[in-house]
Amino acid sequence: MKNPIKIVIAGPRGRMGREAVKLVDHTAEFQLVGVVDRKQDDQVLSEIASLVRDSVHIYTNMEECFQKENPDVLIDLTTPETGYIHTKTALTYGVRPVVGTTGFTKEQLEELKGLAEEKEIGCIIAPNFAIGAILMMKFSQQAAKYFANVEIIEMHHDQKLDAPSGTAVKTAEMIAENRRKQSQGHPDEKEIIQGARGADYDGMHIHSVRLPGLVAHQQVLFGSEGQTLTIRHDSYNRASFMSGVKLSVETVMSLSTLVYGLEHILE
């Protein structure tokens, strides 16, 4: 039997982080060797929450964690600012990042890609880890060949920091590859209240909804003469993202560059 993949998780107390801890702890080919958190330094994860079966140390310093635990993979589920620093640190130490944090700039992605290729190790950054959401994005990209008019409505919980969501932006980018750039709506259209038509990406409009009770939802609406097409995905809990996290951890071990978006590793 081959050695398990040694994993460190950043953000273990968050809602996504707790699910990732359970995933790693209950996957035979994975081994949780440490977690990085902004507090609880030098404690054991099982002392503060009944999340794991074995003793897993908590670190506030990621470099110390990497030096002591020598992991293969970092799963980062924090914030855009922290996630960027963590990803860069991981690559510097030869640790393969799997990142579920959105909000990276194009410049940051290029920098991280260059570092991954310099180290010849993989890195996966995914705006969304739900397999169904990736299929929704791919189906929307295909539909854009036939429907030029499209709007995106993304709906998330009210604690989400970025708007539009990384999934919505990625969806718009993928659609733009198959859709001619054009403005939508009446040419003399005016917003009575600024922002009423949402964000504009290549003439497509993206609308962000933030409400308690939501988790992660998106619908892509296409329209043409006499018909509409709606492609929708709903995540009702954060366990829905774990199949994509597992696939990413397994795949990142064989990569030697940065991959942005789970759609690139799905068959």
Side-chain angles (χ1 to χ4, degrees), residues 16 80 100-106 109 124-241 243-244 247 259-267:
M16 278 282 285
T101 304
T102 61
F104 289 99
T105 66
K106 290 183 178 180
L109 290 173
I124 295 176
I125 299 176
N128 197 315
F129 279 118
I131 301 298
I134 307 307
L135 293 174
M136 174 265 297
M137 294 158 66
K138 291 175 73 71
F139 295 158
S140 297
Q141 184 181 38
Q142 293 174 341
K145 295 179 181 179
Y146 311 99
F147 291 82
N149 291 279
V150 54
E151 304 214 0
I152 298 170
I153 303 173
E154 57 94 351
M155 297 156 281
H156 285 80
H157 55 89
D158 61 345
Q159 299 303 302
K160 186 169 178 60
L161 298 178
D162 55 325
S165 68
T167 299
V169 174
K170 182 65 174 177
T171 304
E173 291 173 347
M174 292 172 64
I175 288 173
E177 295 176 10
N178 284 341
R179 171 189 177 273
R180 67 181 184 276
K181 184 177 180 179
Q182 67 174 50
S183 297
Q184 295 180 180
H186 196 284
D188 296 328
E189 174 183 270
K190 294 181 180 179
E191 288 184 327
I192 304 303
I193 299 177
Q194 187 176 2
R197 293 289 287 121
D200 187 303
Y201 185 96
D202 264 3
M204 291 178 276
H205 293 280
I206 305 175
H207 310 269
S208 297
V209 177
R210 299 289 179 267
L211 287 172
L214 296 173
V215 177
H217 317 263
Q218 180 169 296
Q219 55 184 1
V220 186
L221 287 78
F222 295 91
S224 68
E225 189 66 31
Q227 63 177 323
T228 61
L229 170 66
T230 301
I231 302 173
R232 176 173 176 133
H233 176 263
D234 298 275
S235 282
Y236 298 108
N237 59 54
R238 286 157 183 84
S240 65
F241 304 116
S243 58
L247 175 64
V259 171
Y260 180 66
L262 213 62
E263 71 276 5
H264 297 298
I265 66 172
L266 289 179
E267 295 182 358

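We number each residue from 1, following the sequence as shown.
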Subject >> Within-4.5 Å side-chain heavy-atom neighbours: Tyr236 and Val215 >> reply: no

Original post:
Rounded to the nearest 0.5 Å, what separation is found between the CZ atom of Phe129 and the OG atom of Ser240?
Top reply: 12.0 Å

Subject >> N/O donor-acceptor pair under 3.5 Å between Asn178 side chain and Gln141 backbone >> reply: yes

Subject >> Gap separating the CG atom of Asn128 from the CD atom of Gln218, nearest 0.5 angstrom >> reply: 8.5 Å

Subject >> side-chain hydrogen bond (donor to acceptor under 3.5 Å, both in side chains) between His205 and Gln184, intermediate numbers included >> reply: CA-CA 8 Å; His205 293 280; Gln184 295 180 180; 5.4 Å; no

**OP:** Evaluate the side-chain proximity of Met174 to Lys170: yes if any heavy-atom separation is below 4.5 Å, no if none is.
**Re:** yes

**OP:** To the nearest 0.5 angstrom, please state how far the CD atom of Glu151 sits from the CD atom of Gln219.
**Re:** 11.0 Å

Original post:
CD1/Ile134 to CG/Leu266 distance, rounded to the nearest 0.5 angstrom?
Top reply: 6.5 Å

Original post:
Does Val220 reach the side chain of Phe147, with side-chain heavy atoms less than 4.5 Å apart?
Top reply: no

**OP:** Flag the pair Leu262 / Ile131 as yes when at least one side-chain heavy-atom distance between them is below 4.5 Å, and no otherwise.
**Re:** yes

Original post:
Does some side-chain heavy atom of Met204 sit less than 4.5 Å from a side-chain heavy atom of Arg179?
Top reply: yes

Original post:
Counting N and O atoms only, with roles assigned by atom type, does the side chain of His233 sit under 3.5 Å from a partner on the main chain of Ile231, one being a donor and the other an acceptor?
Top reply: no

Subject >> Distance-minimising heavy-atom pair for Ala216 and Phe241 >> reply: CB-CZ, 4.0 Å

Original post:
Considering residues at least two apart in sequence or located in another chain, which fulfil the side chain to side chain donor-acceptor pair (under 3.5 Å) criterion with Glu191?
Top reply: none

Original post:
Would a 4.5 Å heavy-atom cut-off, applied to side chains only, mark Gln182 and Asn149 as touching?
Top reply: yes

Subject >> Rounded distance [0.5 Å steps], CG in Leu211 versus NE2 in His217 >> reply: 9.5 Å

**OP:** Might you work through the side-chain hydrogen bond (donor to acceptor under 3.5 Å, both in side chains) test for Thr167 and Glu154, ending with a clear yes or no?
**Re:** CA-CA 8 Å; Thr167 299; Glu154 57 94 351; over 6 Å; no

**OP:** State the CG-CG distance between Leu221 and Leu229, to the nearest 0.5 angstrom.
**Re:** 8.5 Å

**OP:** Kindly indicate whether the side chain of Tyr260, heavy atoms from C-beta on, has any atom under 4.5 Å from the side chain of Pro127.
**Re:** yes

Original post:
How close do Ala172 and Ile206 get, heavy atom to heavy atom, and via which atoms?
Top reply: CB-CD1, 4.0 Å

Original post:
Tell me, do Phe222 and Gln227 make a side-chain contact under 4.5 Å, heavy atoms counted?
Top reply: no

Subject >> For Lys160, side-chain contact (heavy atoms from CB on, under 4.5 Å) partners two or more places apart >> reply: Thr102, His156, His157, Asp162, Ser165, Arg210

